[in-house]
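Take a look at the structure below.
All of these numbers come straight from a predicted model, not from anything done at the bench.
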Amino acid sequence: MNNLLTTLLFSSILISTLFSTSSYAQTQNCSAFAFRNNQIFATCNALPLLNSVLHWSYHPDNHTVDLAYRHGGVPNTDWVAWGLNIDGTMMVGSQCLVAFRNSSGEIHAYTSPVSSYNTQLTEGPLSFNVPRIGAEYSNNEFIIFATLELPAGRTSFNQAWQNGAVSGQALTAHVQSGDNMRSFGSIDFANGELGGGGSSVTSRQRRRNVHGVLNAVSWGVLMPMGAVFARYLKVFKAANPAWFYIHVACQTSAYIVGVAGWGTGLKLGSDSTGIEFTTHRNIGITLFCLGTLQVFALLLRPKPDHKYRLYWNIYHHAVGYAVISLSIANVFEGFDALNGQKNWKRAYTGVIIAIGAIAVLLEAFTWFIVIKRKKTDSNKHTQNGTNGTVNPYGNGTHQQA
């Protein structure tokens with residue numbers, strides 16, 4: 001019994017020690033960081049995304065905060081920003097601290113109020129006073145130092161943080177997917193609590209994924225497959241008229257699903273004021289118009305022996321191949337707009353390569369069958385003509401002999 005109690009007591013002490021050590025190590029990860037200016041902060045917390053940490057000291061007597069925002073794992077050609085959103089939840093409305101390396105090679109830190117999604121983080125005063133701001137860069141990490149005079153009567157605010165690329169002296173938009181679209185939450189400077197966020201962004205990201213999948217499957221996969229069926233199945237006499245119905249089924253399904261994807265794109269555009277992907281949008285509108293024309297052209301399809309059937313075929317093939325080319329191009333435009341969806345892009349590239357390889361093989365096989373069929377028909381015609389020349393009189397000559 002005594003041995004059992006001793007064992008339990010020892011185990012409890014060991015577990016407690018492990019937890020304490022783990023907790024201490026996690027705290028040390030943040031609080032043991034040594035700033036080059038030897039500044040010490042009372043509180044620090046690792047932000048949940050984008051390799052960022054926030055250190056601060058809150059001074060209740062004058063309602064100010066001294067802080068240091070660290071953003072690691074970024075090249076010196078990037079910009080970083082951290083801000084408080086007094087009345088909102090995400091980036092729009094944020095009062096930001098920004099830092100980047102300017103053309104002189106110096107780290108420039110300044111304040112920038114964000115009023116819309118298409119902001120270029122232009123320098124300007126915030127809705128609260130910032131008496132001090134500076135920044136430094138070393139070991140792939142930006143650090144912004146600042147003192148904030150917080151709005152009266154509050155210590156809890158929503159916060160947002162970001163990074164993006166610098167082109168010349170222009171700060172370009174941050175990545176429109178992944179962690180960059182979830183990097184916001186809440187902070188209480190008095191008690192040190194951080195709160196999560198991202199539910200609305202997750203919902204938006206889900207709609208983006210649905211939009212991408214619908215369009216990639218419809219315009220990007222079903223459309224090319226329908227064209228492959230139409231071109232290569234009809235060479236087989238046994239596949240007539242099955243190839244036509246398969247072709248119609250593929251293209252009609254692609255159009256219906258594509259319209260649904262186009263609709264989700266319009267909804268995303270209306271919900272994302274200031275975020276524009278002009279090329280992607282314009283190609284999408286063109287695809288919708290050309291696809292609709294193809295559907296109506298099916299209803300106006302002349303009979304095979306009609307005098308206008310040749311012109312209809314030329315129109316149908318020209319518009320069809322244009323739709324397929326634009327569809328594939330626009331799917332890749334969509335991946336570029338999402339910027340970061342490399343696995344999806346690789347998967348779709350593999351599918352397109354596979355369809356292209358199958359088309360090349362079937363093209364060669366089709367020409368082989370067509371040439372062989374022409375030779376067979378030519379031989380039959382020659383044999384018929386030869387027989388007629390050798391024995392023009394038929395059985396009568398033979399009987400005479």
Side-chain angles (χ1 to χ4, degrees), residues 212-261 283-284 286-306 308-335 343-381:
V213 169
L214 289 176
N215 285 286
V217 169
S218 58
W219 303 105
V221 176
L222 286 176
M223 279 284 181
M225 285 179 59
V228 167
F229 286 130
R231 178 165 178 80
Y232 302 114
L233 278 183
K234 64 181 177 183
V235 73
F236 302 101
K237 295 179 180 179
N240 189 37
W243 69 265
F244 173 74
Y245 296 113
I246 295 174
H247 173 66
V248 170
C250 277
Q251 306 306 76
T252 304
S253 300
Y255 177 75
I256 293 171
V257 177
V259 169
I283 295 177
T286 304
L287 281 174
F288 173 75
C289 295
L290 292 178
T292 304
L293 281 176
Q294 285 288 73
V295 171
F296 281 108
L298 180 65
L299 302 176
L300 301 174
R301 177 171 171 261
K303 292 182 179 181
D305 56 350
H306 196 281
Y308 293 124
R309 179 58 181 260
L310 174 64
Y311 304 107
W312 185 92
N313 284 341
I314 293 173
Y315 152 80
H316 183 66
H317 286 82
V319 174
Y321 286 124
V323 167
I324 291 170
S325 301
L326 288 173
S327 298
I328 295 172
N330 210 33
V331 171
F332 283 107
E333 278 290 328
F335 287 131
N343 292 334
W344 290 73
K345 190 173 184 177
R346 291 193 191 103
Y348 179 71
T349 302
V351 170
I352 291 301
I353 291 174
I355 293 176
I358 291 171
V360 169
L361 292 174
L362 289 176
E363 185 74 22
F365 186 64
T366 298
W367 278 104
F368 171 76
I369 291 177
V370 169
I371 293 171
K372 184 178 179 181
R373 191 174 291 166
K374 283 185 177 181
K375 285 183 178 179
T376 302
D377 292 343
S378 177
N379 290 337
K380 285 182 180 179
H381 179 72

Which distance, rounded to the nearest 0.5 Å, do you find between the CD1 of Ile358 and the CZ of Phe365?
-> 14.5 Å
Show every donor-acceptor pair shorter than 3.5 Å between a side-chain atom in residues 239-246 and any protein atom, with sequence neighbours excluded, or say none if there are none.
| residue | atom | partner | partner atom | Å |
| --- | --- | --- | --- | --- |
| Asn240 | OD1 | Trp243 | NE1 | 3.2 |

Within 6.0 Å of CH2 in Trp312, more than 12 heavy atoms from elsewhere = yes
Shortest non-hydrogen separation from Val331 to Ala216 and the atoms involved | CG2-CA, 4.0 Å
Sorted by chain and number, sequence neighbours left out, ring pair (Phe, Tyr, Trp, His ring centres under 6.0 Å) with Tyr308 holds for His306
Sequence neighbours left out, what pairs pass salt bridge (Lys or Arg N to Asp or Glu O under 4.0 Å) with at least one residue falling in residues 315-328?
-> none
Heavy-atom closest contact (Gly258 atom, Asn215 atom, distance) | O-OD1, 3.9 Å
From Ile324 CD1 over to Ile355 CD1, what is the distance, rounded to the nearest 0.5 angstrom?
-> 9.5 Å
In terms of heavy-atom contacts, Trp219 and Pro224 come closest through O-CD, 3.6 Å
Looking at residues at least two apart in the chain, or sitting in another chain, which of them share a side-chain hydrogen bond (donor to acceptor under 3.5 Å, both in side chains) with Tyr348?
-> none
Quick one: which residue pairs count as a side-chain hydrogen bond (donor to acceptor under 3.5 Å, both in side chains) with a foot in residues 220-231, not counting sequence neighbours?
-> Arg231-Glu363
Closest heavy-atom pair, Thr292 versus Tyr255, reported as atoms and distance to 0.1 Å, is OG1-OH, 2.8 Å
Shortest non-hydrogen separation from Asn330 to Gly284 and the atoms involved | ND2-N, 3.5 Å
Heavy atoms only: give me the nearest Ala230-His247 pair and the separation to one decimal.
-> CB-ND1, 3.3 Å
Pairwise distance OG1(Thr366) to CG(Leu233) - rounded to 0.5 angstrom = 9.0 Å
Spacing of Asn313 atom CG and His316 atom NE2 [to the nearest 0.5 Å] | 8.0 Å
Among all residues two or more places apart in sequence or in another chain, which pass the side-chain hydrogen bond (donor to acceptor under 3.5 Å, both in side chains) test with Ser325?
-> none
Considering the options Met223, Met225, Gln294, which one meets the side chain to side chain contact (heavy atoms under 4.5 Å, CB included) requirement together with Gln251?
-> Met223
